[in-house]
Amino acid sequence: MTSSHWPAALSAARLHVVSGKGGTGKTTVAAALALALASGGRRTLLIEVEGRQGIAQLFDTPPLPYEERKIAVAPGGGEVRALAVDAEAALLEYFELFYRLGMAGRTLRRMGAIEFATTLAPGLRDVLLTGKAKECVNRRGPDGRPAYDAVVLDAPPTGRVVSFLDVTKAMADLAKSGPIHSQAAGVVKVLHSDLTAVHLVTLLEDLPVTETLETVDELSVAGFPTGALIVNRVRPQWLPDRSVAAAANGRVDAERIRAGLSTAGLDLPADVIDGLVAETVDHAVRVHAEGLALARLDEGPPLPRLVLPQLVEGVDLGSIYELAETLVEQGVSVPALSGATS
């Protein structure tokens with residue numbers, strides 16, 4: 001049985017990892033989730049790690065640097081900051097933090113040593129990216145409170161998200177001691193705890209649902225806490241359930257449609273009626289297919305489920321706020337931890 005609300009366990013999470021099959025709108029959903037979690041005077045951080053500058057495009061801002069910048073004000077006085085994590089910059093920060101290299105680190109960058117290091121140990125790149133997210137989750141302000149009430153990570157697609165999150169374990173095993181081991185172990189501890197929730201975005205289509213359910217299983221095996229299933233771009237159903245199956249099979253009574261329109265005072269040409277019939281069949285086929293996809297989700301693990309509507313006008317900043325409001329209406333919230341409300 002699937003819960004359709006945002007349970008208290010998810011409100012208690014501090015790191016919200018958002019993934020989904022390519023094309024499902026995971027970056028848009030991550031942005032809306034960050035806004036929703038910032039509602040009511042909270043402070044959230046939205047992180048991207050794929051170098052696409054998708055967050056900057058959504059919020060209509062210049063490309064994000066490796067620096068936390070305020071990009072939006074949430075309803076109730078909250079704020080959303082954003083950060084584009086660059087593996088090279090993260091490694092330089094890592095060198096400075098653990099080895100005090102400073103100028104030497106920048107020299108390594110000019111020599112190409114950083115690219116060499118991340119190529120030689122591909123897992124190191126993901127350790128750096130997830131490590132920065134972990135640092136933001138654990139960071140405290142001067143008053144001892146967490147710097148952010150929640151951190152939202154726009155993660156790689158479902159085909160890679162488990163290896164992206166789990167590579168820290170492999171690095172911890174590779175480096176038995178020292179700063180790399182400590183860093184990897186710290187990331188593992190956060191990612192495998194109740195502080196983290198991995199949310200999966202899907203559409204009501206066969207391939208995204210299949211990949212989502214497979215990823216739920218993979219996350220469970222790897223020991224990661226799965227959060228909510230977020231069903232994106234849900235369109236309204238205009239036909240009653242009893243009519244869907246017949247219409248999907250092309251059984252639509254054109255004369256009945258014509259008579260109904262005529263009763264309403266609309267006398268339309270035959271070609272227009274034919275067009276309406278065709279649109280009715282197309283709509284029924286889609287609704288039927290989405291119903292099958294929804295049934296597959298219902299048969300899967302009992303996870304909280306959130307639903308977001310299809311954006312008729314496309315995605316812009318205003319629609320991100322609308323999606324955030326929809327999430328808040330479904331219970332998405334976080335307790336105040338930082339000093340944002342003070």
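Positions are given from 1 along the sequence.
For the pair T44 (side chain) and A150 (backbone), a donor-acceptor distance under 3.5 Å is absent. No donor-acceptor pair under 3.5 Å is formed between the side chain of S220 and the backbone N or O of V216. A distance-only check finds a donor-acceptor pair linking the side chain of T196 to the backbone of V190 [under 3.5 Å].
Nearest heavy atoms, S19 versus P157: OG-C, 3.2 Å. When all heavy atoms are compared, the tightest approach of L46 to A30 is CD1-O, 3.8 Å. Scanning all heavy atoms of the two residues, the minimum distance from A222 to V162 falls at CB-CG1, 4.0 Å. In plain terms, the two heavy atoms of A56 and P63 that are nearest each other are CB-CA, 4.0 Å. Heavy-atom minimum distance, S39 versus A74: N-CB, 3.9 Å. Nearest heavy atoms, A34 versus V80: O-CG2, 3.7 Å.
Residues T27 and D154 bring a donor and an acceptor atom of their side chains to less than 3.5 Å of each other. No hydrogens or angles considered: nothing links the side chains of R42 and S333 as a donor-acceptor pair under 3.5 Å. Checked by atom type, the side-chain pair D316/S319 shows a donor-acceptor distance below 3.5 Å.
One distance of note links CG of L323 with CG of N232; it measures 7.0 Å at 0.5 Å rounding. Put simply, CG on D149 and CD on E79 are 10.0 Å apart, with the number rounded to the nearest 0.5 Å. The OG1 atom of T61 sits 7.5 Å away from atom CD of Q53, with the distance rounded to the nearest 0.5 Å. Atom OG1 of residue T226 and atom CD of residue E218 lie 10.5 Å apart, to the nearest 0.5 angstrom. Expressed to the nearest 0.5 Å, how far CD of E322 lies from OG1 of T326 amounts to 7.5 Å. We find the CG-CD1 distance between L327 and I230 to be 6.5 Å, quoted to the nearest 0.5 Å.
Between I55 and L64 there is a side-chain heavy-atom pair separated by less than 4.5 Å. The closest side-chain heavy-atom distance from L45 to I47 is below 4.5 Å. W6 has its side chain out of reach of V334: every pair of non-hydrogen atoms, C-beta onward, lies at least 4.5 Å apart. L306 has its side chain within reach of V332: a pair of non-hydrogen atoms, C-beta onward, lies under 4.5 Å apart. Counting heavy atoms from C-beta outward, P236 and Q310 have side chains that stay 4.5 Å or more apart. In this structure, the side chains of V231 and L203 stay at 4.5 Å or more apart for every pair of heavy atoms. A heavy-atom distance below 4.5 Å is not found between the side chains of H199 and K26. Taking the side chain as every heavy atom from C-beta outward, T202 and R233 never approach each other to under 4.5 Å.
A salt bridge does not link E67 to R81: none of the charged side-chain nitrogens sits closer than 4.0 Å to a carboxylate oxygen. With respect to the salt-bridge test (charged N to carboxylate O, under 4.0 angstrom), the residues R52 and E48 do not qualify.
Each of R296, K21, E205 was scored for a side chain to side chain donor-acceptor pair (under 3.5 Å) with T210, with one residue passing: R296. Evaluated for a side-chain contact (heavy atoms from CB on, under 4.5 Å) with F224, the options V161, V17, T215, D166 yield exactly one hit, D166.
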(Q) Determine whether D126 and R160 satisfy the following criterion, side-chain contact (heavy atoms from CB on, under 4.5 Å), listing intermediate values before the conclusion. (A) CA-CA 11 Å; D126 289 345; R160 202 176 87 76; 3.2 Å; yes
Q: Might you work through the side-chain contact (heavy atoms from CB on, under 4.5 Å) test for K132 and L83, ending with a clear yes or no?
A: CA-CA 10 Å; K132 183 60 180 178; L83 170 67; 3.9 Å; yes
Q: Could you give me the CA-CA distance, side-chain angles and deciding distance for L308 and V234, then say whether side-chain contact (heavy atoms from CB on, under 4.5 Å) is met?
A: CA-CA 6 Å; L308 292 174; V234 175; over 6 Å; no
Q) Stepwise, does the side chain to side chain donor-acceptor pair (under 3.5 Å) test hold for E68 with Y148? A) CA-CA 11 Å; E68 294 158 35; Y148 294 103; 2.5 Å; yes
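V201 and V328 fall into different hydrophobic clusters, defined by Ile, Leu, Val, Met, Phe, Trp and Tyr side-chain heavy atoms under 4.5 Å apart, directly or through other members. In terms of hydrophobic clustering, with Ile, Leu, Val, Met, Phe, Trp and Tyr side chains grouped at heavy-atom distances under 4.5 Å, L317 and L58 are assigned to a common cluster. In this structure, V151 is not a member of the same hydrophobic cluster as L337, with clusters built from ILVMFWY side-chain heavy atoms closer than 4.5 Å.
The environment of D194 atom CG is sparse: at most 12 non-hydrogen atoms of other residues, nucleotides or ligands sit within 6.0 angstrom.
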